[in-house]
Amino acid sequence: MIKHQTAPPASLDDVKGWFPKIDQMLFTWFLERQERLGETGDLVELGSYLGKSAILMGRHRRADETFTVCDLFDSEAPDDSNQAEMNGSYSSLTRTAFETNYGAFHDRLPEIIQAPTSVILDHVEPESCRFVHVDASHLYEHVSGDIQAAHIMLPAGGVIVCDDYRSEHTPGVSAAVWEAVAVHGLRPICVTTQKLYGTWGDVETVQDELLEWLQKQDNVWHEVQQVAGRRLVRIKGKWAPSSEVQRLKDRLAKAQDKIARMEDRLARTRDELAAVRGSVSFKVGRSVTALPRALRRRNPGS
Ligand SMILES: C[S@@+](CC[C@H](N)C(=O)[O-])C[C@H]1O[C@@H](n2cnc3c(N)ncnc32)[C@H](O)[C@@H]1O
């Protein structure tokens with residue numbers, strides 16, 4: 001279970017969550033591109049946790065735009081499977097912790113819907129958004145509904161980002177995302193290790209501009225693949241993700257701990273052996289076992 005910090009964070013790195021550097025760069029690129037092109041519209045995040053991605057998205061909300069986040073935070077989930085997810089991964093999450101984090105970076109909180117994401121269309125108008133981040137439940141039924149809601153909230157040129165579209169522990173998300181691609185016309189623009197970026201609008205132009213920008217990035221690797229006859233850009237940060245570095249550090253610390261314990265056991269075994277060797281009973285035992293051998297040597301035929 002992740003322990004939540006109590007002091008307000010000083011930088012985005014201090015906010016716990018799941019928002020790799022490469023995705024921070026891409027969110028910034030997509031949102032700045034929309035600003036450059038004069039595209040207006042609201043921002044929506046389904047699943048905010050402690051605010052890591054919301055804080056970055058909030059930087060791009062213009063004065064006349066609304067940023068809406070929807071999360072259960074510390075309220076009941078709508079079904080048992082969703083509640084099991086909440087208990088397993090977000091049991092100590094509170095709305096207050098989100099608000100404290102968000103408030104450390106922004107003067108104004110976003111519109112907060114503390115409810116299941118299934119109610120989002122009661123609060124957000126169709127085709128009113130330019131950017132929707134889908135990052136709430138990992139269960140197929142929920143994610144499928146979240147993507148359908150995003151389709152309604154976004155006009156054709158809007159951008160949807162789906163988290164955990166390929167993680168080993170989230171097959172339901174993969175099923176919902178690729179179903180949206182294969183059946184509901186979602187066009188993937190690019191993918192990172194964790195997120196898929198797509199649109200229901202023109203994909204070629206945005207990909208061309210993205211590729212031009214990627215050429216100039218030193219710390220970003222990319223390639224172009226064809227998937228079912230469509231171009232798809234694969235992107236990776238060249239630096240190790242902080243979660244990966246932390247995982248390796250944890251493994252190293254555990255291994256060092258194990259070595260220290262084994263050395264300790266070895267030292268204790270040596271001490272015990274030395275004590276046994278020096279004991280009277282050991283010496284008597286040795287002389288008893290040594291006696292028949294000495295006799296055998298003296299009487300080799302016997
Ligand atoms: C993976 S976390 C979000 C991570 C966050 N975007 C970040 O950058 O760190 C998923 C969030 O979805 C919320 N959640 C799970 N099921 C939900 C549901 N049915 N409706 C609304 N929120 C839900 C959880 O409370 C949790 O905060």
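Start at 1 and go down the list; that is how both ligands and their atoms are numbered. Keep in mind that the numbers below use all heavy atoms, side chains included, and drop hydrogens, waters and symmetry copies.
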query = Looking only at heavy atoms, which two atoms of E39 and R130 are closest? And how far apart?
reply = O-CD, 3.6 Å
request  = Check if A77 has a non-hydrogen atom at a distance under 4.0 Å from any atom of ligand 1.
outcome  = no
task = Please state whether S118 comes within less than 4.0 angstrom of ligand 1, counting heavy atoms only.
result = no
[X]: numbered ligand 1 atoms lying under 4.0 Å from its heavy atoms:
X    : value
S137 : 15 (C), 16 (N), 17 (C)
G17  : 9 (O)
T117 : 20 (N), 21 (C)
S48  : 5 (C)

Any N/O pair [X]/ligand 1 closer than 3.5 Å:
X    : value
D163 : no
H138 : no
K52  : no
K16  : no
M86  : no
S53  : yes
G47  : yes
Y49  : yes
E85  : no

key: Exercise: do T40 and E65 side chains pair donor with acceptor under 3.5 Å   = no
Main-chain N/O of L12 paired with K52 side-chain donor or acceptor, under 3.5 Å = yes
request  = Tell me, with the steps shown, if D23 and K195 meet salt bridge (Lys or Arg N to Asp or Glu O under 4.0 Å).
outcome  = CA-CA 7 Å; D23 293 300; K195 297 185 193 282; 5.5 Å; no
key: Shared hydrophobic cluster, W213 / L37 (ILVMFWY, side-chain heavy atoms < 4.5 Å)   = no
ask   = Are L46 and L196 grouped together when hydrophobic residues (ILVMFWY) are joined by side-chain heavy atoms under 4.5 angstrom apart?
value = yes
ask   = CD1/I112 to CZ/F98 distance, rounded to the nearest 0.5 angstrom?
value = 5.0 Å
